[in-house]
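Whatever order the structure lists ligands and atoms in, that order sets their numbers, starting from 1. Given the structure is predicted, the values throughout are model-derived calculations rather than measurements.
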Amino acid sequence: MKTVLSGCDSTDGKQTHGSDMTGVTTRSKSRTSEKKDVYSKSNGVISNGFHGYKEGYETLEKSGVSRRSVYLFNHFFFPLVMVGLTPQIVMLFWYTNVKFGGSYSALITHFRSHSVFGTLLKMWSELSIINTFTVGVIFGYFAWALFWTVVLPGKEVRGPVTPKGNTPVYKDNGFLHYGVTMAGFAILTTVLKYHGLTPTVVYDRFGELLAFMNVFALCFVFLLYIKGITRPSTSDSGKTGGGFFFDYYWGTELYPRICGIDVKVLTNCRFGMTVWPLMCCIYALKSYELHGFVDSMFVTTILQLTYITKFFTWEAGYMHTIDIILDRAGFYICWGCLCWLPSLYPSVSLYLVSHPVRLGTPLASSILIVGLISVLINYLADLQRQDVRKANGDCLVWGRKPDLIRAKYRIEGGEVRESILLASGWWGLSRHFHYIPEILLSFFWTVTTGFENVLPYTYLIVLVILLTHRSFRDEQKCSLKYGIYWQEYCTKVKHRIIPFLF
Ligand SMILES: NC(=O)C1=CN([C@@H]2O[C@H](COP(=O)(O)OP(=O)(O)OC[C@H]3O[C@@H](n4cnc5c(N)ncnc54)[C@H](OP(=O)(O)O)[C@@H]3O)[C@@H](O)[C@H]2O)C=CC1
Ligand SMILES: CC(C)CCC[C@@H](C)[C@H]1CC[C@H]2C3=CC=C4C[C@@H](O)CC[C@]4(C)[C@H]3CC[C@]12C
């Protein structure tokens, strides 16, 4: 049995607006052909972000839960709660860090006397959201990012074929953009210092910036929702059939482009992933201004910057991940990268500004070394599967001939294609072994804060949940794509993440 994935872009398996079984919408056909410079047309791998829901419904129905309840939960309740709550959560997270000494218990105690709603109201009312500073910093940064994205050279790289048969083409200039931005930041810091100013004003006014960013991102996602329906860049677009709330949350386009700029590259890589190291540097500078050199801040900054640098050396590989090939440009991924990422990912550094910890050289250097080893292992694992595929299996893995599964899958037109699943090396230890060094690394850059509060461990906890959930999402996708070949891989490599355990 070889799996042929359904071409529906709908959660309930119905054919929906914007799709047809030949892979190109009648409405967007002409628009797609206009975009020849950006997308080259070919047959598509038929997979989408929703496959598996149908099977999920069937299982739930058997257990007595009605299809309608599940549908309502998935398409109404869940997206509404996410869109309503997560912006409040990121704001409260920052507020707890700076107003409640980075302590969740202090926040909860405050809730008892002032209520959650009262606290949120007070927090928002204290913030001036739209002012020259917030508009200048955010739009100034966007102008910078857009300018360099367009101007910097880069090799043309192709992403995987989409469910509707388009092949996205990217300019691989992420590493250069990162380098230019970090150099620009260093120059700006020097110039500001010369004039008696400092970029750490971003730390002092981060609440305003985050509030502005939330409002901006929510509006931006709405515009993307409209764009996906009215002026899609490609045929991988349209309503899902899940209703407004679901479409706003999930998105109406897989690869939207605005004036030739890929929206997900902009939000995920040029904004989220680039603002993260900038925030780390700003927090480290602030800590230096307040306390002088503190080794815990040094260790956490180096580990995060190394990880981010690794990300940019591999940015073209990121274009093959589920964030890009399955997740549409909606609230989840775009708001996530514009607000959730800049707020949560550098949060250990934010916490350390007000909670400096002196580790001492032996402890600091031990944490640094094990952290760097973790980044290396995570990098080597990602590289290993990439290299084996590039060499078509004709290479050595850990000094031996690799154990390979030449997995066949069928694409929309019926044509059979082949992909390599590596079952030895890092990929023979467990099916997502690379998540372990990823998690360990974030543990190492967090443990520098000590064990006084849970708050700095928030990113680590969220990461564990995110990666566990991601492993299920990814395996569902692979199982539908490869069928028996995926089963064969699961038989060879029994454990999902932790060898011998899980
Ligand atoms: N800090 C954070 O928030 C997060 C970090 N990450 C990191 O990002 C990186 C990429 O994430 P990841 O989830 O792996 O991305 P992917 O979504 O690309 O990983 C899975 C894909 O790899 C391919 N694959 C799976 N098993 C094998 C195998 N045995 N041999 C060859 N190819 C295989 C499949 O794609 P195909 O269809 O091509 O076969 C599969 O869909 C990792 O380093 C991860 O740790 C990830 C998520 C969150
Ligand atoms: C809506 C929110 C509650 C959740 C938003 C989640 C997103 C911001 C994140 C989901 C997956 C994350 C990432 C995946 C893979 C990555 C590669 C890694 O090397 C660097 C980090 C990242 C780009 C990471 C970034 C945040 C997510 C997109």
Could an N or O of ligand 2 be found under 3.5 Å from any N or O of Arg470, whether backbone or side chain?
-> no
Nearest protein heavy atom with distance in Å, relative to [atom]:
| atom | value |
| --- | --- |
| atom 19 (O) of ligand 2 | Tyr307 OH, 3.1 Å |
| atom 9 (C) of ligand 2 | Tyr345 OH, 4.0 Å |
| atom 3 (C) of ligand 2 | Met82 CE, 3.7 Å |
| atom 22 (O) of ligand 1 | Arg385 NH1, 2.7 Å |
| atom 16 (C) of ligand 2 | Tyr318 CE1, 3.8 Å |
| atom 10 (C) of ligand 2 | Tyr332 OH, 3.4 Å |
| atom 21 (C) of ligand 2 | Met273 SD, 3.8 Å |

Take Glu475 and His432 through the test side-chain hydrogen bond (donor to acceptor under 3.5 Å, both in side chains) and record every step on the way to the result.
-> CA-CA 10 Å; Glu475 296 217 358; His432 301 270; 2.9 Å; yes
Regarding [X] and [Y], does a basic nitrogen lie under 4.0 Å from an acidic carboxylate oxygen?
| X | Y | value |
| --- | --- | --- |
| Lys171 | Glu156 | no |
| Lys310 | Glu315 | no |
| Lys155 | Asp172 | no |

Going by the atom numbers of ligand 1, which of them fall below 4.0 Å from some non-hydrogen atom of Leu466?
-> 3 (O), 48 (C)
List every atom of ligand 1 that sits less than 4.0 Å from any heavy atom of Cys478, numbering the atoms from 1 in the order shown and giving each element.
->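 Those qualifying, in numeric order: 34 (C), 40 (C), 41 (O).
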Ligand 1 contacted by [X] (non-hydrogen, < 4.0 Å):
| X | answer |
| --- | --- |
| Tyr307 | yes |
| Ile325 | no |
| Tyr345 | yes |

Atom 7 (C) of ligand 2 touched by protein (heavy atom, under 4.0 Å) |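 Given the 4.0 Å limit, the answer for atom 7 (C) of ligand 2 is no, no protein heavy atom qualifies.
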If the cut-off is 4.0 Å to any non-hydrogen atom of [X], which atoms of ligand 2 fall inside it?
| X | value |
| --- | --- |
| Gly336 | 5 (C), 8 (C) |
| Leu341 | 25 (C), 26 (C) |
| Ile333 | 28 (C) |
| Cys337 | 8 (C), 28 (C) |

Should one rank [options] by closest heavy-atom distance to [atom], which comes out on top?
| atom | options | result |
| --- | --- | --- |
| atom 11 (O) of ligand 1 | His320, Arg470, Lys492 | Arg470 |
| atom 40 (C) of ligand 1 | Thr321, Ile322, Asp474 | Asp474 |
| atom 39 (O) of ligand 1 | Trp427, Tyr482, Phe311 | Tyr482 |
| atom 28 (C) of ligand 2 | Leu338, Asp323, Leu466 | Asp323 |
| atom 12 (P) of ligand 1 | Tyr435, Tyr459, Trp426 | Tyr435 |
| atom 44 (C) of ligand 1 | Glu475, Gln384, Arg473, Glu438 | Glu438 |

Using a distance-only test with no angle check, is there a side-chain donor-acceptor pair under 3.5 angstrom linking [X] and [Y]?
| X | Y | answer |
| --- | --- | --- |
| Asn173 | Thr149 | no |
| Thr181 | Trp144 | yes |
| Tyr435 | Ser430 | no |
| Glu438 | Ser442 | no |
| Asp382 | Trp426 | no |
| Asp323 | Asn268 | no |
| Thr309 | Tyr178 | yes |

Consider every N or O of [X] and every N or O of ligand 1, then say whether any pair is closer than 3.5 Å.
| X | value |
| --- | --- |
| Lys481 | yes |
| Trp314 | no |
| Leu422 | yes |
| Trp486 | no |
| Arg389 | yes |

Passes side-chain hydrogen bond (donor to acceptor under 3.5 Å, both in side chains), Trp427 versus Asp403? Steps please.
-> CA-CA 10 Å; Trp427 299 85; Asp403 186 356; over 6 Å; no
Using a 4.0 Å heavy-atom cut-off, say whether [X] meets ligand 1 through its side chain, its backbone, both or neither.
| X | answer |
| --- | --- |
| Val493 | neither |
| Ala423 | neither |
| Asn378 | side chain |
| Leu463 | side chain |

If you count every heavy atom of other residues, nucleotides or ligands that lies below 6.0 Å from [X] atom [atom1], does the total exceed 12?
| X | atom1 | value |
| --- | --- | --- |
| Phe298 | CZ | no |
| Tyr379 | OH | no |
| Phe244 | CZ | yes |

Can a cation-pi geometry be assigned to Arg496 and Phe472, taking NZ or CZ under 6.0 Å from the six-membered ring centre and within 45° of the ring axis?
->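 Arg496 over Phe472 ring: yes.
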Find out whether the Lys NZ or Arg CZ of Lys408 is both under 6.0 angstrom from the six-membered ring centre of Tyr482 and within 45° of the ring's axis.
-> no
Mind telling me whether Trp276 and Tyr307 have parallel, tilted or perpendicular rings, with 30° and 60° as the class edges?
->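 Aromatic pair Tyr307/Trp276 classed tilted.
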Measure the acute angle between the ring planes of Tyr332 and Trp250, then classify it against the limits of 30° and 60° as parallel, tilted or perpendicular.
-> parallel
